[in-house]
Amino acid sequence: MSAIASDNPFTDGEAETLSALVGMMIPASEKYAIPGADDVLILADILGTARAHAEAVKAGLAALDAHGQDIHGGAFPTLDLDVRMAIVDEFKQSSAPFIRAVTSITVQCYYRDARVMESLGMEARPPFPKGYELEQGEWSLLDPVRDRGKMWRDAT
Amino acid sequence: MVNDPVDVLIIGAGASGAAMAWSLADTRMHILCLEQGDWMNPAEYPSTGTDWEARSFTDFSISPNRRKRDTDYPINDDNSPIAVANFNGVGGGTILYAGHFPRFHPSDFRIKSLDGVGDDWPLDYEALEGFYAENERMMGVSGLAGDTAYPAKQSVMPPLPMGHSGEVFGKAFNEKGWHWWPSDTAIATTDYDGRARCINLGACGSGCAQGAKASTDVTYWPHAIRAGVEVRTRCRVREITLNDAGMASGVIYYDENGDEQFQGAEVVVMACNGVGTPRILLNSTSTAFPDGLANSSGLVGKNLMFHPYANIQGVFDDEMDGYKGPPLCLWSQEFYETGHDRDFVRGFTMEMHRGNRVVGTALGGVMSGRIPWGEGHHDAYRSMFNHVLGMSCICEDLPEEHNTVTLDPELKDGDGIPAPRIDYTLSENSRRMLAFGAERGSEVLRAAGAKEIMVESPIAGGGWHLMGTARMGTVPSRSVVNEWGRSHDVRNLFIIDGSIFVTSAGVNPTHTIQTLALYIADQMKKRLANLFD
C-alpha cells in the first residue's frame, strides 16, 4: 500500500518531480545511515503537508518541468543532477517564494522523521510529557556581578 | 438580541483583562468578559506531537495573517518593517509568549526628565511596586533575588536552570565585565497554585502543555471565575455604544453564530492591547465622536510602539543545550540606560537564548545558505544543530505620532468589521540602537567562543509588543486616558492594556501591562462611590 494518501491533490508526475526536488535538497546519507527527503514515508509527509499550499506548489512543479522540457529536452526528474541543480539555482532567484515554500515544508517533515531524530541523538518523541533534563549550572558565576553592586538608575 | 446589563464589561480575556477581572471580583459586582477566541486545550498544544515546530507555521503561528483561525482578525501590516504578532483566545498573547517577565525600571517612567525624549508617565515605579509583587505571586514568577539592575525585589520561585548554555554566556559576560542575571520568568519551577513545575519542554512559544508557563487561562482566570466572573467566548466586539449622557452604554458584538448582540454595561473596560483596542475605539463612531470614541485628542491609534529586536547568534564548536528547556534564561542590562558616548538615546536588554530547535536550525541554515542543498547538507546541519547560542536585543522604541493603527478601508474580518492597518517606520534612533546592540552581541558571543556570527535586524516578524496607541496622561489634549486609566472623554470607559503605555522601556511589557491593570482596578475600587465624577 502506498504511503501517499489517496486524496492527495498531486498527480503521480507532480509527486515524482517533487521527490526529485526534495531529494536534491536533502539526499540520503550512508555516513549517517539516514534516508533522504525523497524517502517514501518522508515524501508522503511532505505531500500531505504541501496540500495546504497545493496550488502554488503544483504551479512551481509545472514550471520546473516546463523549464526542463524547453531548455534541456526532458522533464525535471529525468535530467542529470548537475542540470537539475543549475535549474534550482535559477529558480532560487526567479521563483523564490516557491523554493522557500518547498524548503520550509521539506525540513519540517524531514526533521521529525524518527530515523532522522534518532541519528541526531534524540529520542523520537514529542517534548511532552517526558520533557528534558537540564543542568542547573554554576550559580557562583554571578559573584562578579554582585561584587560590582547597584547599577540601576535613580529616577527621583 | 439584548442581554441583561452587567456592572463591568471587560473586552478581551488576555493578560490585562484577566488581572482586572480577578482584582474587581471581590467587589461582588456582576463582571462579564467578552473574548473573541476560545478556551485553549493544553492536551492539543503542539508539544504533544512530533510536528510541534511545524505548527508554529500554521495554527500556532504568532502571525494572525498566517494562523488564520476563524477567531482571528487580519492585520494589514504591509507598510511596516515589523509584522504584528498576537494570539486571540482566553489568555491572549500569554498563550504564545516566552514568559520573559521583567519589571520596568524606575527610570523608565521618567525618560523625558532624565534623557529629554518621549514623555514622563503620570505615575512612577513606587506607585506600581506593590502591584508588581502581587502580579508575580498571581502569575507565579521564577527568578533570583539580588539583581543589581533593579531595586530590591523578592522572587516567588527559584530561577530556571542556567544549563550549560547559561554557563557559557555567564563566563563571557564576566570576561567583558558586563551585567547579566537569571531572567525573571513566568514559568513555575516548583509546583505552584495548581500548576505543575517546568520539565523543559522547550516549546514555550506554542503553548505550555505542562501548564508550567503562566498564561492567564491557568493563572488569573480560574480564580476570577471561582469568584463569580463570567467569561463569554467567541464574542467579537464591533463597537462601543454611547448614551445621551455621553457615557458608554455597552457594546455591540457578534456571537459564535455570527448573530449581532447588544450587551449593556455600567462600566466598559478595554483590554485588547495596542492594536485591538484602538481598532474598536476607531470603529465606534458617533455624532459626539466622529473620529472614534474617546478620541478628542486625536491620539487614538497614534504613537504605536513595537520593540525593535536584533537577533544575534553564534556558531560554536562545543555542544550547547539546544532545544532543551525554556529558550530564554538570562538577561543583561549592561546597555539599558542612555550612554553619553553613544549615538542614540535610551537602551536595550539582551535576552539570552539557550539554542535553536531542530527544524528551526535547518530552516534558518538552508534559507541563509549556511546549510547547502545536496551532499554537504548533513555535515553542515550537524555543525549547527545544538551548536548555536544567541540573544535578542530588545530595544526601547520611542513614541512617534506618525506610527499608527488605523482602520483599513478594504480589509475586514469574518464578521465584516474593518481590520487594523499598521503604518510604522523604524526611527533613526532605533536603527542606531539595533546596530550597536548587534555589535555588542557579536562581541560577547565571540568572547564566548563563537566561530561564526549571524545577525537578523530587525526581526521582521517580531511585533510581539504593541504599545502606546491610547496613551495615559494628565492633559486631555495630549492623552487618551488619565493617570488611572479612565478615558478623559467618556467617564465610564477604561483602558488597561499596552495601548496606555506612555513609553515602551527596553523590556517585555506583559508584566507591566498586568501590573497597570491591577493598579487601575485598585484605583477603581477606591473610587467606587464617585467613579464617574
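Heavy-atom basis, side chains included; hydrogens, waters and symmetry copies ignored. Residue numbers start from 1 in every chain, and the chains themselves are labelled A, B, ... in the order their sequence lines are given, proteins ahead of strands.
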Asks: So which heavy atom on Pro127(A) is nearest to which on Gly49(B), and how close?
Replies: CD-O, 4.1 Å
Asks: Counting heavy-atom pairs under 4.5 Å to chain A, which of Gly202(B), Ala362(B), Gly376(B), Ala203(B) comes out on top?
Replies: Ala362(B)
Asks: Between Tyr336(B) and chain A, with a heavy-atom cut-off of 4.5 Å, which part of the residue counts as in contact: side chain, backbone, both or neither?
Replies: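 Answer is neither: Tyr336(B) stays 4.5 Å or more from chain A.
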Asks: With only heavy atoms counted, which part of Pro151(B) is less than 4.5 Å from chain A, the side chain, the backbone, both or neither?
Replies: both
Asks: Quick one: does any side-chain atom of Arg153(A) pair with a main-chain N or O of Ala149(B) as donor and acceptor, under 3.5 Å?
Replies: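 It does not hold such a pair.
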Asks: Can you give me the closest heavy-atom contact between Ala54(B) and Arg112(A), atom names plus distance?
Replies: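 Nearest heavy atoms, Ala54(B) then Arg112(A): CB-NH1, 3.2 Å.
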Asks: Rounded to the nearest 0.5 Å, what's the gap from CH2 on Trp373(B) to CE on Met85(A)? Could you check?
Replies: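 Output value for this atom pair is 7.5 Å.
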Asks: Heavy atoms only, distances under 4.5 angstrom: which of Trp52(B), Tyr150(B), Trp180(B) has the most pairs with chain A? Name it, please.
Replies: Trp180(B)
Asks: Contact part of Tyr381(B) toward chain A, heavy-atom cut-off under 4.5 Å: side chain, backbone, both or neither?
Replies: side chain
Asks: Determine, for Glu375(B) against Lys31(A), whether the closest basic-nitrogen to carboxylate-oxygen distance falls under 4.0 angstrom.
Replies: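 Answer for the salt bridge query: no.
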Asks: Is it the side chain or the backbone of Ser119(A) that comes within 4.5 Å of chain B heavy atoms, both, or neither?
Replies: both
Asks: Mind listing the closest non-hydrogen atom pair of Gly374(B) and Pro27(A) along with its distance?
Replies: O-CD, 3.4 Å
Asks: Measure the spacing between CZ of Phe128(A) and CD of Gln210(B) and express it to the nearest 0.5 Å.
Replies: 5.5 Å
Asks: In terms of heavy-atom proximity below 4.5 Å to chain A, should Asp147(B) be classed as side chain, backbone, both, or neither?
Replies: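 For Asp147(B), no heavy atom lies under 4.5 Å from chain A.
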Asks: Working to the nearest 0.5 Å, report the span between NZ of Lys130(A) and CD1 of Ile199(B).
Replies: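 Going from NZ on Lys130(A) over to CD1 on Ile199(B), the span is 11.0 Å.
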Asks: Can you tell which part of Leu81(A) gets under 4.5 Å to a heavy atom of chain B, answering side chain, backbone, both or neither?
Replies: neither
Asks: Identify which part of Glu126(B) has an atom lying under 4.5 Å from any heavy atom of chain A, answering side chain, backbone, both or neither.
Replies: neither
Asks: Which heavy atom of Asn174(B) sits nearest to which heavy atom of Pro144(A), and what is that distance?
Replies: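 Closest heavy-atom pair between Asn174(B) and Pro144(A): ND2-CG, 3.8 Å.
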Asks: Can you tell me how far CG of Asp154(A) sits from OG of Ser107(B), rounded to the nearest 0.5 angstrom?
Replies: 9.5 Å
Asks: With rounding to the nearest 0.5 Å, note down the distance linking CG in Asp51(B) to CD in Gln108(A).
Replies: 9.0 Å
Asks: How far does CD of Glu135(A) sit from NZ of Lys324(B), to the nearest 0.5 angstrom?
Replies: 10.0 Å
Asks: Between Leu120(A) and chain B, with a heavy-atom cut-off of 4.5 Å, which part of the residue counts as in contact: side chain, backbone, both or neither?
Replies: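 Leu120(A) touches chain B through backbone and side-chain heavy atoms alike.
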Asks: Chain A: which of Pro158(B), Pro46(B), Pro182(B) shares the most heavy-atom pairs with it under 4.5 Å?
Replies: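 Looking at each option in turn, the highest pair count goes to Pro182(B).
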Asks: Could you tell me which portion of Trp178(B) (side chain, backbone, both or neither) has an atom closer than 4.5 angstrom to a non-hydrogen atom of chain A?
Replies: backbone
Asks: Is Glu53(B) close to chain A through its backbone or its side chain, or both, or neither, when contacts mean heavy atoms under 4.5 Å?
Replies: neither
